[in-house]
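Take a look at the structure below.
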Number of protein chains: 2
Amino acid sequence: MAEAGLAAGKVDGGVRSIARAVDVLQLFDVDHPRRTLREIVALTDLPKTTVVRVLATLDALGLIVDQRDSTYSLGAGFLRWVDLARSLWEVGADARRVMTRLVDTCGETVNVYIRQDLSRISIAQVEGTATVRSVVKTGVPYPLETGAAAKILLGGAPESVLRQLVECRTDLDVDSLRREVLGISRAGYAVTHGERELGASAVAAPILSADGRVLAALSIGGPTSRFTADRVDRYVDAVTESAAEISSIGLGSVEAFL
Amino acid sequence: MAEAGLAAGKVDGGVRSIARAVDVLQLFDVDHPRRTLREIVALTDLPKTTVVRVLATLDALGLIVDQRDSTYSLGAGFLRWVDLARSLWEVGADARRVMTRLVDTCGETVNVYIRQDLSRISIAQVEGTATVRSVVKTGVPYPLETGAAAKILLGGAPESVLRQLVECRTDLDVDSLRREVLGISRAGYAVTHGERELGASAVAAPILSADGRVLAALSIGGPTSRFTADRVDRYVDAVTESAAEISSIGLGSVEAFL
């Protein structure tokens, strides 16, 4: 839930309303262009009266369309931001080609993650070819303290970010997290098993700017059962090579905002 | 302001917060990818403390990025909806070509408007070639009771929409509005001068589905000084012809949601 992403103690009524609006809106995606009221209530776990009120507000603002048949769809109001979001965040075609070749090599889903505040967000994804594959949602903030991509991104984050992360997660120790991130930064790649989710593994490497800053993390992810020691060796080679290639090609105009 | 779009009496605290969030977000567009706190406060006319709170909330939700230099930009969180919004609302390339040819013919800005609830929204725009031209924002809800495009869209709207519009605008008379809309519907085009804005004129015609429903309005707009009687005659021919062409080509996948 979006609300979970908000620091405890900072949630007041207005803030909660905005978070709920995002919770409702993020149920709509390419696979779910329409949603019924029942689905929205069930998936957000909000009271029906709250959902109805949020939907009516978003409808009036053009962000939701009440189809008048108990279904809702995303409103044309989002066009306000589509062009800007694409020009800011879309990964260039050359970089996408490298991602696609990496999928062809490894068979696993490939993502480019960036750090935004205390979250990681996938800005591009090319799905793996196997039946059982990893699929994340682009544009959705995920936690920044677990997973291979997160560790790579932390390698380029200021010390204050590590401290803030540890503040929000009492089970984290800032010194051991820092040591781990530093080690990964020196090695040039990260491998994690079951950190984000049981049964999910990942290999990630940094995409760097011309002056060596960590811009993003190139990551492949899939079921732990496929990430055996042998395959991980191959995956590490492929991912670090592809990340270096994208670093030299450039991510596209998104680099200006990272 | 987005809040103005919400029916009086229905605005409570939560609703107001969502409207304010949209007010802040819609300041960001291709021409303004970054905004300073000062600009946001001035343009929304909200108290600075409110703006700071809304920005912090949107930041935590991934929709805004605090660049840490007193500027803010649109967050990668919008990628959640970019693909869906484009597949739902993007006008097809063939229809856009007709729009571009219409601009070449008339020199005026061309828009395709759809009706969403009690608003009209531009889902596609090709700007005119003159120095003084009409420019509207795509994705932003505009009033449905004034302007050529609005009158065309009302021709395809149910009676209940006219009634609701009149309820919100005590200076409107439902019978005369209905008569006007019916007349325009029969003529097949609308011409308005200074209805939406003093000095702005427009000519619009309906884009129809295969079974004759009004899907959208094709509209050209510009300064009244250029919309002389002679030119308007030419404009009406060009717009009705282009609208008929788009009707037969089809608007694209957006038709499924209109």
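Just so you know, these numbers come straight off a predicted model, no measurement behind them. A note on names: the letters A, B, ... follow the listed sequences, proteins ahead of strands, and every chain is numbered from 1. Basis for what follows: all heavy atoms, side chains included, without hydrogens, waters or symmetry-related copies.
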Worksheet, complete the sentence: Scanning both residues in full, the closest heavy-atom pair of B:Ser17 with A:Gly14 reads OG-CA, 3.0 Å

Worksheet item: Is it the backbone or the side chain of A:Val65 that comes under 4.5 Å from a heavy atom of chain B, or both, or neither?
Response: side chain

Worksheet, complete the sentence: The reported gap from CH2 in B:Trp81 to CG in A:Leu63 (rounded to nearest 0.5 angstrom) is 9.0 Å

Discussion item. Need one label for A:Ile123: side chain, backbone, both or neither, based on atoms under 4.5 Å from any heavy atom in chain B.
Written reply: both

Discussion item. As a test of understanding, state which of A:Thr138, A:Asp29, A:Val22, A:Leu25 forms a side-chain contact (heavy atoms from CB on, under 4.5 Å) with B:Arg80.
Written reply: A:Val22

Worksheet item: So which of B:Leu79, B:Asp31, B:Leu84, B:Val254 has the largest heavy-atom pair count under 4.5 angstrom toward chain A?
Response: B:Leu84

Discussion item. For a quick test of reading the model, state the closest non-hydrogen atom pair linking B:Ile114 to A:Ala76 and the distance between them.
Written reply: CD1-CB, 3.9 Å

Worksheet item: Does A:Trp89 use its side chain to pair, donor to acceptor, with the backbone of B:Leu74 at less than 3.5 Å?
Response: yes

Worksheet item: How about A:Lys137: does its NZ atom have over 12 heavy atoms from other parts shown lying under 6.0 Å from it?
Response: yes

Discussion item. Non-hydrogen contacts under 4.5 angstrom with chain B: give the residues of residues 154-167 of chain A involved, or none if there are none.
Written reply: none

Worksheet item: Measuring from B:Leu61:CG to A:Gln116:CD, what's the distance to the nearest 0.5 Å?
Response: 11.0 Å

Response to the item:
The interface call for A:Ile18 against chain B, heavy-atom contacts under 4.5 Å, is both

Item to complete: Pick one of side chain, backbone, both or neither for A:Ile64, based on which atoms fall under 4.5 Å of a heavy atom in chain B.
Response: backbone

Worksheet entry | Carboxylate-amine/guanidinium contact B:Arg68 A:Asp117, below 4.0 Å | yes

Item to complete: Measure distances from A:Ser122 to the heavy atoms of chain B and classify the residue's part below 4.5 Å as side chain, backbone, both or neither.
Response: backbone

Fill in: Heavy-atom pairs under 4.5 Å with chain A, option from B:Glu90, B:Arg34, B:His32, B:Gln67 with the top count
B:Arg34

Worksheet item: Mind checking which of residues 139-150 of chain B sit less than 4.5 Å from chain A, heavy atom to heavy atom?
Response: B:Gly139, B:Val140, B:Pro141

Worksheet item: For A:Ile121 and B:Gly77, which heavy atoms make the closest approach, and how far apart are they?
Response: CD1-N, 4.2 Å

Worksheet item: Which atom names give the shortest non-hydrogen contact between B:Pro33 and A:Leu88, and what distance separates them?
Response: CB-CD2, 4.3 Å

